[in-house]
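Note that these values count all heavy atoms, side chains included, but never hydrogens, waters or copies made by symmetry.
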Amino acid sequence: MRQAFATVRCDSLSRKWEQAIRRETNIYGRGNDIRTAFERDYTRLLHCQAYRRLKHKTQVFFAPHNDHVCTRMEHVLHVASVATTIAKYLGLNEQLTESIAIGHDIGHAPFGHHGEDCLNALMRQKPGANAPKKFWHERNSLFFADYIETLQTPDGAERPLNLTYAVRDGLICHCGEIDQQGIRPRDDAMPLYDIKRPGQVQPYTWEGCVVKLSDKIAFLGRDIEDARTYHILDMGSYRQLREIVAETVGITRNGKPLTHRSGKAVNTTVLINDMIVDLCEQSTPQTGLCFSDHYFRFITELKRFSFANIYNHWRLREFQKYASNVIGTLHDTLMRAQAFAQNGRLPRALAQYPKLGKTFDDWLVRYTNYAPDRKTARRYQTPVVFDLADNESYQKCVIEYISGMTDQFAIECYEEIISF
């Protein structure tokens with residue numbers, strides 16, 4: 001029902017409001033600002049460099065040369081479009097929803113989820129399948145928002161984004177990979193770094209819950225379209241896809257094209273629209289955010305199909321071997337430079353790799369005690385978050401630096417290292 005969630009939206013009448021708009025430190029004002037707290041968060045995320053780099057980060061297909069294949073930035077915009085449509089219909093806070101959506105993947109690694117797995121494998125110290133992940137992109141999005149990404153203040157200093165609690169919470173709690181029905185926000189405003197695993201804690205707001213489900217709607221729809229562009233799907237896959245659609249949401253084969261029971265031709269936009277409509281029609285504050293049984297089954301089957309026929313396709317697995325080598329080589333090269341970094345002689349250690357050396361040198365100036373004089377001169381008012389003398393902290397520093405790279409930049413730095 002339209003506006004069914006208006007009474008539980010995150011606004012000044014909500015009991016969660018003061019916590020939702022709280023920042024770690026007071027943010028500067030200009031005296032003439034016409035934006036709300038969440039609108040300020042939206043523009044702070046929009047203008048940060050991590051957001052800009054999403055245009056050259058993998059969504060599914062690595063370092064694509066086809067301009068019409070989805071990148072991480074386009075995925076983020078798809079999520080924002082889906083989420084704000086749902087929020088508007090349900091009567092939720094559109095500004096908060098869009099702010100979470102636009103920033104939810106700023107901590108994503110190069111080479112998509114495979115890059116994330118590579119970085120986690122490099123950091124993992126406890127063996128076993130049940131060991132908690134040390135690197136996961138939802139937490140890394142929060143970490144980048146809190147400590148890494150900066151904007152200039154009116155007086156020219158570089159300071160962290162300093163986002164509101166509700167937006168920061170939405171970043172770390174956005175995992176849409178777990179199949180759940182009846183999603184509802186949690187009640188407590190817990191310390192966000194106490195969250196140790198992706199997908200295990202629900203967002204603090206209904207708006208964060210909407211982004212979580214919108215993430216799934218957006219990537220399932222578009223990934224199939226891109227797989228068609230690259231001829232990843234064979235005729236057997238198409239037959240399987242037709243069967244899934246027909247058996248779950250009543251879309252039948254009528255001659256050559258697939259058609260919906262309403263007579264509409266079936267394509268990505270039709271399926272996404274129908275998932276949005278179904279969610280809006282089925283959800284209430286009492287039952288939570290949910291799909292109908294047949295659409296939930298459709299989404300579950302579509303996800304299973306995508307893993308079997310797209311994400312694990314042999315062509316992607318071949319590139320994953322290359323991506324693993326790129327990330328591993330960057331990591332090992334920078335780990336060898338630790339002693340030089342401690343002595344302030346990093347440029348000498350990385351002199352043969354100008355792109356890698358210059359950017360990593362600046363990274364150390366920003367986030368360590370590497371060169372405090374240069375940090376002051378450059379007006380970086382960022383906290384010291386890594387200790388060069390501590391092996392584990394230094395490796396974390398290297399991992400975070402690599403995680404901020406685009407696919408293309410990672411490949412360029414890798415080629416610097418292996419070229420003679």
Side-chain angles (χ1 to χ4, degrees), residues 12 17-56 73 76 80 93 95-96 98-107 140-172 191-193 341 344 346-347 355 357-388 393 396-397 400-401 403-406 409:
S12 59
W17 179 249
E18 291 303 319
Q19 174 63 32
I21 62 172
R22 188 177 69 82
R23 302 182 190 272
E24 292 299 297
T25 59
N26 291 331
I27 197 170
Y28 64 85
R30 294 189 176 91
N32 60 350
D33 210 325
I34 61 174
R35 297 168 297 167
T36 66
F38 298 140
E39 286 175 315
R40 292 194 74 176
D41 282 359
Y42 175 85
T43 53
R44 293 178 78 76
L45 285 161
L46 185 68
H47 290 292
C48 78
Q49 290 189 346
Y51 175 77
R52 299 178 194 181
R53 292 193 297 269
L54 295 178
K55 64 186 174 184
H56 293 305
M73 177 177 281
V76 164
N93 189 319
Q95 297 166 0
L96 171 56
E98 193 168 25
S99 297
I100 296 171
I102 205 74
H104 78 275
D105 271 352
I106 62 170
N140 209 47
S141 289
L142 175 65
F143 182 78
F144 261 59
D146 285 351
Y147 296 105
I148 304 302
E149 287 305 304
T150 62
L151 290 176
Q152 280 195 349
T153 63
D155 62 0
E158 294 274 351
R159 291 181 186 168
L161 299 185
N162 192 21
L163 304 177
T164 60
Y165 179 86
V167 172
R168 295 172 59 242
D169 168 83
L171 301 186
I172 194 172
L192 296 179
Y193 289 100
L346 184 69
K355 288 183 179 179
K358 180 179 179 181
T359 54
F360 189 60
D361 180 76
D362 185 68
W363 177 273
L364 296 186
V365 172
R366 284 177 178 267
Y367 309 115
T368 73
N369 55 357
Y370 167 67
D373 292 343
R374 282 198 282 159
K375 183 171 184 173
T376 301
R378 296 178 187 181
R379 308 203 66 187
Y380 295 157
Q381 296 182 6
T382 47
V384 173
V385 290
F386 306 114
D387 181 359
L388 298 181
S393 182
K396 173 71 171 173
C397 177
E400 293 297 344
Y401 167 71
S403 78
M405 291 182 171
T406 64
F409 188 73

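Residues Y193 and L142 have side chains in contact (heavy-atom distance under 4.5 Å, counting atoms from C-beta outward). Between Y165 and I21 the shortest side-chain heavy-atom distance does not fall below 4.5 Å. Residues R366 and T150 meet the side-chain proximity criterion, which asks for heavy atoms closer than 4.5 Å. Within the 4.5 Å cutoff, the side chain of L45 has heavy atoms near those of the V167 side chain. Side-chain contact between Y147 and P383 is present, with heavy atoms from C-beta onward closer than 4.5 Å. Between F144 and L161 there is no side-chain heavy-atom pair separated by less than 4.5 Å. At least one side-chain heavy atom of L346 sits under 4.5 Å from a side-chain heavy atom of Y370. The shortest side-chain heavy-atom distance between R35 and T43 falls under the 4.5 Å cut-off.
A donor-acceptor distance shorter than 3.5 angstrom exists from the side chain of N162 to the backbone of T25, with no hydrogens or angles considered. Listed for the S99 side chain is a donor-acceptor partner under 3.5 Å among the backbone atoms of F38. Remark: the backbone N or O of D387 is paired with a side-chain donor or acceptor of S393 at under 3.5 angstrom. At distances below 3.5 Å, at least one donor-acceptor pair connects side-chain atoms of S141 with backbone N or O atoms of H104. Side-chain N or O atoms of R53 include one that pairs as donor or acceptor with a backbone N or O of G404 at under 3.5 Å. Judged by distance alone, the side chain of R40 and the main-chain N or O of L163 form no donor-acceptor pair under 3.5 Å. Side-chain atoms of R379 never come within 3.5 Å of backbone atoms of E158 as a donor-acceptor pair (strictly under, hydrogens ignored). A donor-acceptor distance shorter than 3.5 angstrom exists from the side chain of N93 to the backbone of L96, with no hydrogens or angles considered. A donor-acceptor pair is defined here as one N or O able to donate and one able to accept, closer than 3.5 Å; no such pair exists between the side chain of K55 and the backbone of M73. Within the 3.5 Å criterion, the main-chain N or O of A50 finds a donor-acceptor partner in the side chain of E149.
The line from CD1 of I106 to CZ of R52 is 13.0 Å long, rounded to the nearest 0.5 Å. To the nearest 0.5 Å, the span separating CZ on R168 from CG on D41 amounts to 10.0 Å. Here the straight-line distance linking atom CD1 of I27 with atom CG of D33 works out to 9.0 Å at 0.5 Å rounding. Atom NE2 of H56 sits about 12.5 Å away from atom CZ of F409, to the nearest 0.5 Å.
V384 and K375 make their closest contact through CG2-NZ, 4.0 Å (heavy atoms, listed as atom of the first residue, atom of the second, distance). Listed here is the closest heavy atom pair of T164 and A37: CG2-CB, 4.1 Å. Residues I100 and L171 share a closest heavy-atom pair of O-CD2, 3.8 Å. Summarising the geometry of G107 relative to N140, their closest heavy-atom pair is O-ND2, 3.0 Å, with the distance given to 0.1 Å.
Sparse packing is recorded around CD of Q49, with 12 or fewer heavy atoms of other residues, nucleotides or ligands lying under 6.0 Å away. In the displayed structure, D155 atom CG is contacted under 6.0 Å by more than 12 heavy atoms of other residues, nucleotides or ligands.
The aromatic rings of F386 and F143 are tilted relative to each other, their planes meeting at an angle between 30° and 60°.
Look at R374 and D361 and you find a salt bridge, because one of the NZ, NE, NH1 or NH2 atoms lies within 4.0 Å of a carboxylate O, short of that distance. In summary, K396 and E400 engage in a salt bridge, as defined by a charged side-chain N under 4.0 Å from a carboxylate O. One finds no salt bridge joining K358 and D362 here, because no Lys/Arg side-chain nitrogen approaches an Asp/Glu carboxylate oxygen to under 4.0 Å.
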Report the C-alpha separation of E24 and D146 in whole Å, then their side-chain angles, then the decisive distance to 0.1 Å, and conclude whether the side-chain contact (heavy atoms from CB on, under 4.5 Å) test is met. CA-CA 9 Å; E24 292 299 297; D146 285 351; 5.6 Å; no
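For Y51 and D105, the side-chain atoms include no donor-acceptor pair closer than 3.5 Å. If you check the side chains of T382 and R159, you find no donor sitting under 3.5 Å from an acceptor.
Taking the six-membered ring for Trp, Y380 and W363 have ring centres at least 6.0 Å apart.
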